Undergrad: 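Here you go, one structure.
No experiment lies behind these values; they were computed from the predicted model shown. Note that ligands are numbered from 1 as they come in the structure, with each ligand's atoms numbered from 1 the same way.
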Amino acid sequence: MKIPCTLIPGDGIGPDITDATLRVLDAVHASGGAGFEWDRQIAGMAAVKAVNDPLPDETMESIKRTRLALKGPLETPSGGGYRSVNVALRKAFDLYANVRPAKDMIPGGRFDNVDIVLVRENTEGLYAGLEHYIKIGTDEKAAAQSVALVTRVGSERVIRYAFEYALRHGRKRLTLVHKANILKYSQGLFREIGQQVASEYQGRIAYDEQIIDAMAMKLVLYPEKFDVLVTTNMFGDILSDLTSGLVGGLGLAPGANIGEHAAIFEAVHGTAPDIAGQGVANPGALILAACLMLEHVGDLTSAQRVRRAVEQVLREGSTLTRDLGGSATTVQFTDSIIGKLESAPAAAAR
Ligand code: NAD
């Protein structure tokens, strides 16, 4: 039986890369795997144009029903008091873990053997939205304060998710990244909970810790030494862009937003307005996000087949999109991936 899934094509290059991803999924599911039953919905600018609401109730209801969504990038309309659609989705579904794998797939890149998965706490920390100005005398904005909220429940669930992810994916080590030497309370609590949870996984997943600034340096010097990372919201935001940069940038960076009741899979990049409508966008990031979604629903074989096909096309290097140094269109790049899937049927990939 097909798995119900909400599909939000998104804005800018979104519809092109979504079409590409659906073609790849159709091709892989033609020879095995349950496949998805898509419930197409709108959000972002497309929804503002259609129903004057960047996040229509119908879209929310669909995700509540399917608990699973594949989402193209969304443009949050500037002005008009619109909230960020991505933040609203994250909050509405309490998507507490943002998972960002960074694996080098392009030969001759800056690094070899990079295969890092960063798990970022997605709902609290310095991005909890607890901010205000402090008036002193007549100056309304004499000071500003942002509160870094770290809770036991919030920390434990994301750290546990990272350990479980590591186990499920045959990973060996989890590194908790923190700044507890300075932020003794908020970061100290996150670290303390990390140590408690780690003790439950002793003997199965190795655990160590890095201070954020040292981590940034080590990731640039020898990223191949790291495996799974877990960290608080803002550190994760910054480090995950760094890890994307290590392996060739945004065009191949997928992301998953995981909650108890829903999971949303997307490319890390935005709507790329500068190339929208030209048919040259790289669909790789969304295709790899679809691989994360396949793994999430337990279809490991299809995920592995698609990832291998993408890797083969990247390795051969003859049909790369412009951002990867080639001149292929979105459709040509996608056709090459599908060609690899067809030449390596399901049984052979197992
Ligand atoms: P962007 O990621 O859209 O673009 C940055 C640069 O990378 C551009 O030069 C673009 O052409 C290039 N690029 C991005 N994706 C590419 C792809 N798949 N193939 C080839 N080149 C690609 O970032 P931006 O310009 O800062 O943001 C544009 C819009 O996207 C904004 O409205 C922003 O709010 C939105 N955005 C949405 C999401 C999301 O929905 N998850 C994430 C980031 C930005």
Undergrad: To which protein heavy atom is atom 2 (O) of ligand 1 closest, and what is the distance rounded to 0.1 Å?
TA: G270 N, 2.7 Å
Undergrad: If we ignore hydrogens and angles and just use 3.5 Å, is the side chain of D323 paired with the main-chain N or O of G251 as donor and acceptor?
TA: no
Undergrad: Nearest to atom 5 (C) of ligand 1, what protein heavy atom do you find, and at what distance?
TA: L250 CD1, 4.6 Å
Undergrad: Among all protein heavy atoms, pick the one closest to atom 9 (O) of ligand 1 and tell me residue, atom and distance.
TA: D274 OD2, 2.8 Å
Undergrad: Nearest protein heavy atom to atom 18 (N) of ligand 1, by residue and atom, and its distance?
TA: N282 O, 2.9 Å
Undergrad: State whether the shortest distance between N or O atoms of L74 and N or O atoms of ligand 1 falls below 3.5 angstrom.
TA: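 Looking only at distances, the answer is yes, because the N/O contact criterion of under 3.5 Å is met.
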Undergrad: Within the 4.5 Å heavy-atom criterion, are Q187 and N181 side-chain neighbours or not?
TA: no
Undergrad: Which heavy atom of the protein is the closest neighbour of atom 4 (O) of ligand 1, given with residue, atom name and distance?
TA: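 Closest protein heavy atom to atom 4 (O) of ligand 1: A272 CA, 4.2 Å.
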Undergrad: Quick check: do R120 and F235 have side-chain heavy atoms less than 4.5 Å from each other?
TA: no
Undergrad: Heavy atoms only: which of M45, H269, Q278 is nearest to atom 14 (C) of ligand 1?
TA: H269
Undergrad: When K340 is tested against each of R308, R305, E311, E316 for side-chain contact (heavy atoms from CB on, under 4.5 Å), which residue passes?
TA: E316
Undergrad: Which word best sums up how the rings of Y165 and H169 line up, parallel for under 30°, tilted for 30 to 60°, or perpendicular for over 60°?
TA: parallel
Undergrad: So which protein heavy atom does atom 29 (C) of ligand 1 come closest to, and at what separation?
TA: T271 OG1, 3.1 Å
Undergrad: Can you pull out the closest protein heavy atom to atom 39 (C) of ligand 1? Residue, atom name and distance to 0.1 Å, please.
TA: N86 ND2, 3.1 Å
Undergrad: Is there a path from Y133 to L130 through hydrophobic residues (I, L, V, M, F, W, Y) whose side chains come within less than 4.5 Å of each other?
TA: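 Shared cluster, no.
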Undergrad: Give the ring-plane orientation class for Y222 versus F226, where under 30° counts as parallel, over 60° as perpendicular and anything between as tilted.
TA: parallel
Undergrad: Please indicate, with yes or no, if any protein heavy atom is found under 4.0 Å from atom 7 (O) of ligand 1?
TA: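 When distances to the protein are checked, atom 7 (O) of ligand 1 has no heavy atom within 4.0 Å.
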Undergrad: P273: heavy atom below 4.0 Å from ligand 1, yes or no?
TA: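 Contact present.
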Undergrad: What atoms of ligand 1 come within less than 4.0 Å of a heavy atom belonging to V268?
TA: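 In order of numbering, the contacting atoms are 42 (C).
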Undergrad: Taking only heavy atoms of K71, which atoms of ligand 1 are found under 4.0 Å from at least one of them?
TA: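 Taking each heavy atom of K71 in turn, ligand 1 has 40 (O), 41 (N) under 4.0 Å.
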Undergrad: Which is it for R322 and ligand 1 at heavy atoms under 4.0 Å: side chain, backbone, both or neither?
TA: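 Neither part.
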Undergrad: What residue among N257, V119, V158 forms side-chain contact (heavy atoms from CB on, under 4.5 Å) with Y96?
TA: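 One option only clears the test, and that one is V158.
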Undergrad: Which is it for T321 and ligand 1 at heavy atoms under 4.0 Å: side chain, backbone, both or neither?
TA: neither
Undergrad: Is a side-chain donor or acceptor of T330 paired with a backbone partner of G279 at a separation under 3.5 angstrom?
TA: yes
Undergrad: Check ligand 1 against E75 and write out every atom of the ligand that is under 4.0 Å from a heavy-atom position of the residue.
TA: 32 (O)
Undergrad: For the residue pair H29 and F36, does the interplanar ring angle fall in the parallel (under 30°), tilted (30 to 60°) or perpendicular (over 60°) class?
TA: perpendicular
Undergrad: What residue and atom, counting heavy atoms only, is the protein's closest point to atom 41 (N) of ligand 1, and at what distance?
TA: E266 OE1, 3.3 Å
Undergrad: May I ask you to list the atoms of ligand 1 that are less than 4.0 angstrom from any heavy atom of I275?
TA: 11 (O), 20 (C), 21 (N)
Undergrad: Without swapping roles, check the side chain of T59 against the backbone of I42 for a donor-acceptor pair under 3.5 Å.
TA: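 Yes; at least one donor-acceptor contact below 3.5 Å.
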